[in-house]
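Report on one structure; see the data block that follows.
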Amino acid sequence: MTKFFRRIIKFGTPADLNSAVYLASNTVAPAYECVELGIGDTLLIKAISEAYGSNKATVKDSVQKLGDLGLVARSCKSKQRTLGFAAKPKPLTLVRVIGAFREIAAISGSSSGKWKVDIIKKLLVGVQDSTETKFIIRGLQGKLRIGLAQSTVLVALAHALTMTIPSTVQVDDDGNDDNNDEEEEEEKDDGDDNSNEDPIVKAMMDESLTVEKTLEAHANMIRKVYSEVPSYDALLDAALKVPLVKLNEACQFQPGIPVEPMLAKPTKSIQEVLKRLNGQEFTCEYKYDGERAQIHKTPDGTLKVFSRNLLETSNKYPEVSNYVQEAAEAAIANQKEEKKEKKDDDDDDDGDGEFTGRPVDSYVLDTEVVAFDRVKGHLVPFQILSTRKKTQESGESATVQVIVQAFDLMYLNGKSLLCKSFKERRRLLHKHFAPVEGKFQFAKSLDAVEDGDTIELENFLDAAVKGQCEGLMVKTIVDIYEPSRRSLNWLKLKKDYLDGCGDSFDLVPLGAYFGRGKRTGVYGAYLLGCYDEETEEFQSVCKIGTGFSDEDLKSLSASLNEHKLEGGKSSSYNVAKSLEPDVWFDSVQVWEIKAADLSKSSTHRGALGKLEEGRGIGLRFPRFERIREDKKPSQATNSDQVLEMYYNQDSVKGQGGGDDYDDDDDGI
DNA sequence: ATATGATGCCC
DNA sequence: CTTTTGG
DNA sequence: CCAAAAGGGGCATCATAT
């Protein structure tokens, strides 16, 4: 990929490079622009069959065999009779292909499917060879399957730009008086980019390093810039103007554009957490079960909210902006109080905007938005939060109320805090924002030092779970905010990760679905049921597609193939039509399945009707643990146990308020 | 008009 | 979201 | 250790079928 990019840098146009990068990363626009293709397998199958004159059933059939729509399209293409007199079409260019993708994304409304298919067909008949067909289809499907994705594209790009410097790059020595005026934060550069201090810049310029190390340093620069401004447009524009060492000066974190959020690594035990912390000072925070929200305020007063995947959710949570502003004002009120009490002692000068008497003017907060019952004053499960409309005219009058649980601050009054320690970021967070009843709170936390004592941690984890949370987030006090997947420096500890904790089920495989991609040739997922003793039927409670080793996938496929029901579904299987597997099995095995939660389900049938008329129970985050050789299908977890486990959840226990019947006004 | 299916995006 | 795998 | 690629439940939304 590096070689390819180098050729384009040398011989192509900026538009060629831009198109190549977008195609290679299989995206059409920066995430925060919320551009959707609106293309799924159904439309692709339609396009393939129409373009190559095969019928849809045949196409679907070969999907099973080949396990990949791209391969299917390729084989259709090469089977197609080529007419001797037909001239080869003009070659498709990068610009043309990404342009077609973007055209597709722009179509909506009535008959949009037809127009989209038309564009795809034009692409398909315009290819030079069947390999192009394969990748056009895969690109539209969003699964390139070339063993390379975002971060690899960035590294390749970095290497290419290092080895082949674009002719447009200006190598001026007097630095930043030409292009640096566009940043909104008129004041000083944040400590972030004092070039001499930045270890990445240092490494890039260190001539004593090996070529490999130098390339790595350049890649780190590109990764850092992209994680601060996740837009290939912005990245490439900058990279074509300034040398890589100055890239972060030309393109950096600013309110209004989401930064890739810091993520956490799952951990399997308290021991593992302590081992990883290795004696460092750390804090534990409740891990709330809501939706990640990065809240931005730009100096012009605009407030924006972004999701974990950088899509804008401002319209989904219109009240969140108000809540945060109220929190900022509450902090001012508190400051005034303090000021009165202790007369001015001015060692308070930490250069962060200090006491101004006015709320902060720009900031970026990291928070979790959680559904909240204002009347009863407690948190509400994720399933209810998810019923929020995508656009709410007024948040405060919405059926589902929310509360902001804040846990980090990445930007404040014109300065990036990404390079500050968590301790410092949190100090500023608590200084410039204050809790507002029912609207804005700080994530509940416990500070500690590793001293071999696990009891305190265990208790805190228990308390978190009882308090409607998923578990804990564990963070060291000294770490900076490292955006993106670059390093999973935070740890998450959930009850169901722990061996012997969390809900475990013994379920019967009722059927299976053909695997795709690297699971071609084996079943990729199975349908599982619990046993209902009254009706003597198996009721579906989940599908399962994770937790298997490659070996498991092979052996399970082989052993269950001995028990296929050739006549179709057994009459004792209670399964919704939309879940119909490709193959049905006799009930012969029992599998141990772990799950995080149970939820009311309109598709699954566990304990059907016992909880709510017409609905059953399904599992959240199910994964395969092992085969239970010791159990017969009739000894599988039964539906009464499933029901009991549903009621046993802390999130459900907390709700009832003495009412035997379940609260029907909650929407689930 | 209303029901169903497809798609994308939260977790 | 969880999980496994190959480099 | 990390990136990539398998796969999950369930919701709102939009297009199309009835």
Side-chain angles (χ1 to χ4, degrees), chain A residues 26 31 34-46 67-68 107-116 141-155 263-266 287-293 307-311 313 316 368-369 381-392 400 470 484-488 492 494 496-497 513 515-520 522-528 540-553 577-579 593-604 615 617-625 667-668:
Chain A
N26 204 9
C34 304
V35 181
E36 290 169 13
L37 282 181
I39 295 277
D41 286 3
T42 311
L43 275 184
L44 287 176
I45 288 171
K46 196 161 175 234
D68 177 320
I107 301 174
S108 67
S110 193
S111 320
S112 58
K114 185 184 171 302
W115 304 129
K116 289 180 181 186
Q141 207 189 12
K143 294 183 192 176
L144 239 28
R145 299 192 52 234
I146 52 177
L148 164 167
Q150 174 180 294
S151 62
T152 312
V153 172
L154 287 173
V155 173
L263 302 176
K265 187 188 280 305
K287 185 180 187 304
Y288 294 89
D289 194 9
E291 182 170 348
R292 188 92 175 250
S307 73
R308 174 195 147 118
N309 295 314
L310 311 182
L311 294 163
T313 50
K316 185 171 176 187
E368 187 86 4
V369 168
F382 174 79
Q383 198 179 13
I384 288 167
L385 180 70
S386 69
T387 64
R388 262 230 168 181
K389 305 286 175 232
K390 233 169 85 182
T391 56
Q392 293 278 349
V400 179
E470 294 184 287
S484 92
R485 288 115 252 221
R486 266 197 307 149
S487 72
L488 273 38
K492 57 177 160 180
K494 295 210 230 169
D496 60 286
Y497 294 164
Y513 310 85
R516 296 169 147 229
K518 63 182 178 187
R519 296 200 182 163
T520 306
V522 293
Y523 297 118
Y526 293 84
L527 179 69
L528 300 179
S540 83
V541 291
C542 67
K543 292 198 288 173
I544 192 113
T546 191
F548 308 113
S549 66
D550 288 4
E551 189 49 44
D552 289 336
L553 285 169
K577 192 145 207 141
S578 61
L579 291 169
I593 303 298
K594 191 112 172 207
D597 265 319
L598 300 88
S599 50
K600 288 185 185 176
S601 174
S602 302
T603 44
H604 287 294
R615 298 181 83 189
I617 291 171
L619 306 188
R620 187 186 188 196
F621 305 145
R623 58 262 195 191
F624 176 83
E625 293 265 293
I668 48 169

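A, B, ... follow the sequence lines: proteins, then strands. Residue 1 opens every chain. Worth knowing before you read on, the calculation uses all heavy atoms, side chains too, and leaves out hydrogens, waters and symmetry mates.
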Could you check whether A/Leu148 gets within reach of a base, just the sugar-phosphate, or nothing at all, counting any heavy atom under 4.0 Å? sugar-phosphate
Would you kindly give the CD-to-P distance between A/Gln150 and D/dA4, to the nearest whole Å? 8 Å
Quick one: is C/dT2 close enough that its OP1 or OP2 comes under 4.0 Å of any side-chain N or O from A/Arg620? no
Of the candidate nucleotides D/dG9, D/dA12, C/dT3, which contains the atom at the shortest distance from the side chain of A/Lys389? D/dA12
Can you tell me which nucleotide in D/dC11, D/dC2, D/dA15 comes closest to the side chain of A/Lys265? D/dC2
Gap in Å between the two C1' atoms, one belonging to B/dG8 and one to C/dC1, rounded: 15 Å
Which whole-number value in Å describes the distance from A/Tyr513 OH to D/dG7 C1'? 12 Å
Contact summary for A/Ser540 and A/Leu527, nearest pair of heavy atoms: CB-CD1, 4.0 Å
Which part of the nucleic acid, if any, lies within reach of A/Ser111 when heavy atoms closer than 4.0 Å are counted: base, sugar-phosphate only, or nothing? sugar-phosphate
In whole angstroms, how far is the P atom of B/dC9 from the CZ atom of A/Arg388? 19 Å
C/dT2 phosphate, OP1 or OP2: any side-chain N/O from A/Lys494 under 4.0 angstrom? yes
Strictly below 4.0 Å, N to O, side chains only: are A/Lys46 and A/Asp41 in salt-bridge contact? no
OP1 or OP2 of D/dG10 sitting under 4.0 Å from any side-chain N/O of A/Thr603? yes
Send over the distance from A/Lys46 NZ to B/dG5 P, rounded to a whole Å. 16 Å
In whole Å, what is the span from the CD atom of A/Gln383 to the P atom of D/dA12? 10 Å
The side-chain hydrogen bond (donor to acceptor under 3.5 Å, both in side chains) partners of A/Asp550 (sequence neighbours excluded) come to none
Identify which nucleotide among D/dT16, D/dG7, B/dC11 has an atom closest to any side-chain atom of A/Ser110, counting heavy atoms from C-beta outward. D/dT16
Using whole Å, report how far CG of A/Asp597 lies from C1' of B/dC10. 15 Å
Please check if the side chain of A/Gln383 supplies one atom and the backbone of A/Lys600 the other of a donor-acceptor pair under 3.5 Å. yes
5'-most contact on DNA chain D (nearest-nucleotide basis), A/Gly113 vs A/Leu619, goes to A/Leu619
Answer yes when A/Arg620 and A/Asp496 have at least one side-chain N-carboxylate O distance shorter than 4.0 Å, and no when they do not. no
Just compare D/dG8, D/dC11, D/dA6 and give me whichever is closest to any side-chain atom of A/Lys518. D/dA6
I want to check one thing: is the phosphate of C/dT2, taken as OP1 and OP2, less than 4.0 Å away from some side-chain N or O of A/Lys492? yes
A/Asn309 has a side chain; which of D/dG8, D/dA6, B/dC10 sits nearest to it? B/dC10
A/Ser599 side chain: which of D/dG10, D/dA5, D/dG8 is closest? D/dG10
Does D/dA4 have OP1 or OP2 under 4.0 Å away from a side-chain N or O of A/Thr152? yes
Does D/dC14 have OP1 or OP2 sitting under 4.0 Å from an N or O in the side chain of A/Lys116? no
With a non-hydrogen cut-off below 4.0 angstrom, is A/Ile146 in contact with a base, only sugar-phosphate, or nothing? sugar-phosphate
Round to a whole Å and report the spacing from CZ of A/Phe621 to P of C/dT4. 16 Å
Can a cation-pi geometry be assigned to A/Lys543 and A/Tyr526, taking NZ or CZ under 6.0 Å from the six-membered ring centre and within 45° of the ring axis? no
Name the closest nucleotide to the A/Ser151 side chain, picking from D/dA4, D/dA6, B/dG8. D/dA4
Just to confirm, is there a sub-4.0 Å distance from OP1 or OP2 of C/dC1 to any side-chain nitrogen or oxygen of A/Arg292? no
What nucleotide among D/dG7, D/dG9, C/dT5 has an atom nearest to a side-chain atom of A/Ser549? C/dT5
Find out whether A/Leu579 and A/His604 are in side-chain contact, i.e. whether some heavy atom of one side chain is under 4.5 Å from a heavy atom of the other. yes
Nearest to the side chain of A/Arg623, heavy atoms from C-beta on, is which of B/dA6, C/dT3, D/dA4? C/dT3
Residue pair A/Arg516/A/Thr391 against DNA chain D: nearer the 5' end by closest nucleotide is A/Arg516
Whole-Å distance, A/Leu385 CG to D/dA12 P, equals 11 Å
Under 4.0 Å: is that the gap between some side-chain N or O of A/Lys390 and OP1 or OP2 of D/dT13? no
Do A/Glu470 and A/Lys287 sit within salt-bridge range, that is, some charged N less than 4.0 Å from a carboxylate O? yes
What's A/Phe624 touching, base or sugar-phosphate or nothing? Going by heavy atoms closer than 4.0 Å. nothing
Taking the side chain of A/Lys287 as heavy atoms from C-beta outward, which of D/dA6, B/dC10, C/dC1 is closest to it? C/dC1
Quick one: is D/dG10 close enough that its OP1 or OP2 comes under 4.0 Å of any side-chain N or O from A/Thr387? no
Under 4.0 Å from OP1 or OP2 of B/dC10: is there any side-chain N or O of A/Ser307 that close? yes
